[in-house]
Amino acid sequence: TKYATIDANSGLFTGIKAGNSVIRYTVSSNGCTTEKTITVTVKPLPVVSGITGATNVCVGVTIPLSNVTPAGVWSSSDPLVATVNGSGVVTGVKAGAVSILYIVTSGGCSNTSTTAIAVNALPIVAPIIGNTTFCSGNTSQLTCATPNGTWASSNPTAVTLDQNGLITGASAGTSIV
């Protein structure tokens, strides 16, 4: 039929598109034939838009995903790698790859949109070494054995800092570097 296919041997019914289909089961024996019919209804799958948002997240960091199709449910293929909450916010748990699914159910039928997310490990950073207490107007050199980092001060009015890790006490106060 135009709405479904059926395997003649197993009876496995596969819906092709929405509509009704009459299924026949025929048995012949000793020259006699009996036929039974049943009408099956193939319901349409809900239409689900694609998932939008970033496809990379770091361990311990969150990213928002979205889908414009209403009434869907978010799911993670592996919550040990990344979790997703009911609003589509993904949290990286450990480095790896995971599929995030958005499942929409309507009329007893479900359809899914999926996106692949790479969860990246956080870089390992060596400790910062250097004098952390000194007088206003003086300088101190900070170092870190991990290359390619950048330096910044949380309180530049108390401590100024150049890109080589040289800090200067600008005024009394505390800064997180």
Across all chains, not counting sequence neighbours, the side-chain contact (heavy atoms from CB on, under 4.5 Å) partners of Thr69 are Val48, Ser49, Asn67, Tyr102, Val104

Please name the pair of heavy atoms, one in Trp151 and one in Leu161, separated by the smallest distance, quoted to 0.1 Å.
CB-CD2, 3.4 Å

Decide yes or no for Thr143 and Gln141: does some side-chain heavy atom of the first lie under 4.5 Å from some side-chain heavy atom of the second?
yes

For Thr83, give me all partners under side-chain contact (heavy atoms from CB on, under 4.5 Å), at least two apart in sequence or on another chain.
Pro79, Thr91, Val93

Nearest heavy-atom approach of Lys94 to Val119 is O-CG1, 3.1 Å

Please report the closest heavy-atom contact between Tyr3 and Ser21, naming both atoms and the distance.
CB-CB, 4.3 Å

Identify the heavy atoms of Ile103 and Ser75 that sit nearest to each other, and give their distance.
CD1-CB, 4.3 Å

Which heavy atom of Ala126 sits nearest a heavy atom of Cys144, and at what distance?
O-SG, 3.3 Å

Shortest non-hydrogen contact from Arg24 to Thr37?
CG-CG2, 3.5 Å

Min side-chain heavy-atom separation Ile6-Tyr25 under 4.5 Å
no

So CG of Leu142 and CD1 of Ile167: to nearest 0.5 Å the spacing works out to 4.0 Å

Would you say Phe134 has more than 12 foreign heavy atoms packed within less than 6.0 Å of its CZ?
yes

Would you compute the distance between atom CG of Leu101 and atom CG of Leu65 and round it to the nearest 0.5 angstrom?
11.0 Å

Nearest 0.5 Å, what's the CD1-CD1 distance between Ile117 and Ile100?
6.0 Å

Heavy-atom check, side chain of Lys17 versus side chain of Val42, under 4.5 Å
no

Going hydrophobic residue to hydrophobic residue with side-chain gaps under 4.5 angstrom, can you get from Val84 over to Val59?
yes

Would you say Ser99's side chain and Ser77's backbone share a donor-acceptor pair under 3.5 angstrom?
no

With clusters defined by side-chain heavy atoms of hydrophobic residues (ILVMFWY) lying less than 4.5 Å apart, directly or transitively, does Val81 cluster with Val61?
yes

Measure the shortest side-chain to side-chain distance between Cys109 and Pro44 over non-hydrogen atoms and say whether it is less than 4.5 angstrom.
no

dist Asp7:CG -> Phe13:CZ (nearest 0.5 Å) comes out at 13.0 Å

Taking Leu166's backbone N and O only, do any of them form a donor-acceptor pair with Asn164's side chain (distance below 3.5 Å, no angle check)?
no

Separation between OG1 (Thr146) and CD1 (Ile124), nearest 0.5 Å, reads 9.0 Å

Within the side chain of Asp78, is there an N or O that forms a donor-acceptor pair under 3.5 Å with the backbone of Val98?
no

Which value, rounded to the nearest 0.5 Å, describes the distance between Ser76 atom OG and Asn85 atom CG?
11.5 Å

Without hydrogens or angle criteria, can the side chains of Ser28 and Thr33 be said to hold a donor-acceptor pair below 3.5 Å?
yes

